[in-house]
K.L.:
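Just dropping this structure here.
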Number of protein chains: 2
Amino acid sequence: MNNMAKTENTELKIVEAATSVFVHKGFDGARMQEIADKAEINKAMVHYYFRTKQKLFERVFENVFEVVAERISSSLETSKSIDELLENITGTYFSVLAEKPYIPDFVIHELNRNPELIVHIIKTRGINKAKLSELIITEIQSRSLKPFDPLQIIVNVLALTIFPFAASSIIKGFIFEGDTEKYDKFVNERRQHIIDFVKSAIFKDQKT
Amino acid sequence: MNNMAKTENTELKIVEAATSVFVHKGFDGARMQEIADKAEINKAMVHYYFRTKQKLFERVFENVFEVVAERISSSLETSKSIDELLENITGTYFSVLAEKPYIPDFVIHELNRNPELIVHIIKTRGINKAKLSELIITEIQSRSLKPFDPLQIIVNVLALTIFPFAASSIIKGFIFEGDTEKYDKFVNERRQHIIDFVKSAIFKDQKT
DNA sequence: GTCTATAACCGGATAGAC
DNA sequence: GTCTATCCGGTTATAGAC
């Protein structure tokens, strides 16, 4: 009992440490020693619990991915209109990414370099894009919205929301010349801007 | 003379090989041996020409960055209206990125992990966002467009254009379930879609 | 489960002959 | 300029005592 609690506690500490290292340095840049140090534990212990760097990484990646996927899909389930959908998606992403802005670059980078990961993950959790485009198509017809391709719209919303976090260093550096204050203001205003911008694009009747 | 031609030729071969390796594996994942192999040259030669991996990387990164920056800024210079601007930016990006889709992830990832690079690059080539937002502001007033923040609009266009390339593996995997044909069709239609979408968002008069 | 020590290997970099 | 051989530090992973 005592042992088990200890075990799970140690394992958790390792995963947490590993997450913060992998997420900031990537798989190739991460060092098992740094993970051990951050977990305040011996390096051998990390191998005792997870055997290889690769296995530890997979555990971390799935965790990180799950955090986002979980919150996104639950917010999709409950959306009954495009307006609600927009509010929910942007809201969810902003609440997750404002806290963990490094997630997009991490996920994108590791997935690009390791496409097998995708196959593995898709099997466990497929995003229900069918349901999503159905909702959009229905709305396009019933509310006579602009006849854009639903998939393009979905990607647009993802792009508008995620890109600024993925490319934060570029936007901060090149567009705001390193001015953190202006950048923060920009991010704060952006959630509402995206909603307004997308609505303005797809609704025929103007709401300014 | 003969030596010099050979030198420049060898150097070029190294840079080309290094580019393809760095761009796909990132700095941490890249191996000098693989670069040497690809350049069909000895590993010691790579060090002879560039001394360190870091120096070779910087040369490659600046080259890659330059390709994009060059074409973007020249297309910005010549744009006299928002319509032209949209056509030029999306057109330029698509022509560059359709050919080199790995650039966004590479640039974003390396810049996020190595912010000092940004400072270095900004000094040499600043993006003239001032001129850009001026044009947008003028257009907003004279053609009575929706009063969106010009900087948000700029980021929107970049996001809509670049994100699908950066996250290509995700979009291909999750939204198109690995169907390359559908994905290619999606990308081909996307350039025009972005133009239509953005115009629809910022123009008050509808052009469907 | 936890630690120390070390194996085994890899990768960047250099020495030195040609 | 080009090659072979090699050094050397660092990194993953394991052996083995406690």
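Letters A, B, ... are given to chains in the order of the sequence lines, protein chains preceding strands, and every chain is numbered from 1.
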K.L.:
Between A/R31 and D/dT12, is there a contact of a side-chain N or O with OP1 or OP2 at under 4.0 Å?
P.N.:
yes

K.L.:
Between B/E40 and B/K43, which is nearer to the 5' end of DNA chain D once each is assigned its nearest nucleotide?
P.N.:
B/E40

K.L.:
Would you say the ring centers of B/Y93 and B/F163 fall short of 6.0 Å from each other?
P.N.:
no

K.L.:
Between the side chains of A/E177 and A/K172, is the shortest nitrogen-to-carboxylate-oxygen separation below 4.0 Å, so that they form an ion pair?
P.N.:
no

K.L.:
Let's see if you can work this out: which of C/dC3, D/dT4, C/dG1 has an atom nearest to the side-chain heavy atoms of A/N42?
P.N.:
C/dC3

K.L.:
Write down the distance between CG (B/D37) and P (D/dC3), rounded to a whole number of angstrom.
P.N.:
12 Å

K.L.:
To the nearest angstrom, how far is A/E34 atom CD from D/dG10 atom P?
P.N.:
15 Å

K.L.:
Please give, in whole Å, the distance from C/dG11 P to A/D28 CG?
P.N.:
11 Å

K.L.:
Measuring from the side chain of A/M32 (C-beta onward, heavy atoms only), which nucleotide among D/dA13, C/dG12, C/dG1 has the closest atom?
P.N.:
D/dA13

K.L.:
Starting at atom NZ of B/K55, determine the distance to atom C1' of C/dG12, rounded to an integer number of angstrom.
P.N.:
14 Å

K.L.:
Nearest to the B/I41 side chain among C/dA13, D/dA13, D/dC3, which nucleotide is it?
P.N.:
D/dC3

K.L.:
I want to verify a distance call: between C/dT2, D/dT2, C/dA13, whose nearest atom is closest to the A/T10 side chain?
P.N.:
C/dT2

K.L.:
Rounded to whole angstroms, how far apart are OH on B/Y49 and P on C/dT14?
P.N.:
17 Å

K.L.:
Measure from the ring center of A/F165 to the ring center of A/F94 and say whether it is less than 6.0 Å.
P.N.:
yes

K.L.:
On the side chain of B/K53, is there an atom forming a donor-acceptor pair with the base of C/dG11 - under 3.5 Å, no angle test?
P.N.:
no

K.L.:
Does NZ or CZ of A/K146 lie under 6.0 Å from the centre of the six-membered ring of A/F203, at an angle within 45° of the ring axis?
P.N.:
no

K.L.:
Among C/dG12, D/dC3, C/dG1, which is the nearest nucleotide to the side chain of B/A44?
P.N.:
D/dC3

K.L.:
Rounding to a whole Å, what distance do you find between A/Q33:CD and C/dA5:P?
P.N.:
14 Å

K.L.:
Between A/F176 and A/F186, is the ring centre distance below 6.0 Å?
P.N.:
yes

K.L.:
Can you tell which of C/dA13, D/dA13, D/dT2 lies closest to the side chain of B/M45?
P.N.:
D/dT2

K.L.:
NZ of A/K13 versus P of C/dG1: gap in Å, rounded?
P.N.:
14 Å

K.L.:
Please report, rounded to the nearest Å, how far the P atom of C/dA13 is from the OH atom of B/Y48.
P.N.:
17 Å

K.L.:
What's A/A30 touching, base or sugar-phosphate or nothing? Going by heavy atoms closer than 4.0 Å.
P.N.:
sugar-phosphate

K.L.:
Nearest to the side chain of B/H47 - C/dT14, D/dT14, C/dT2?
P.N.:
C/dT14

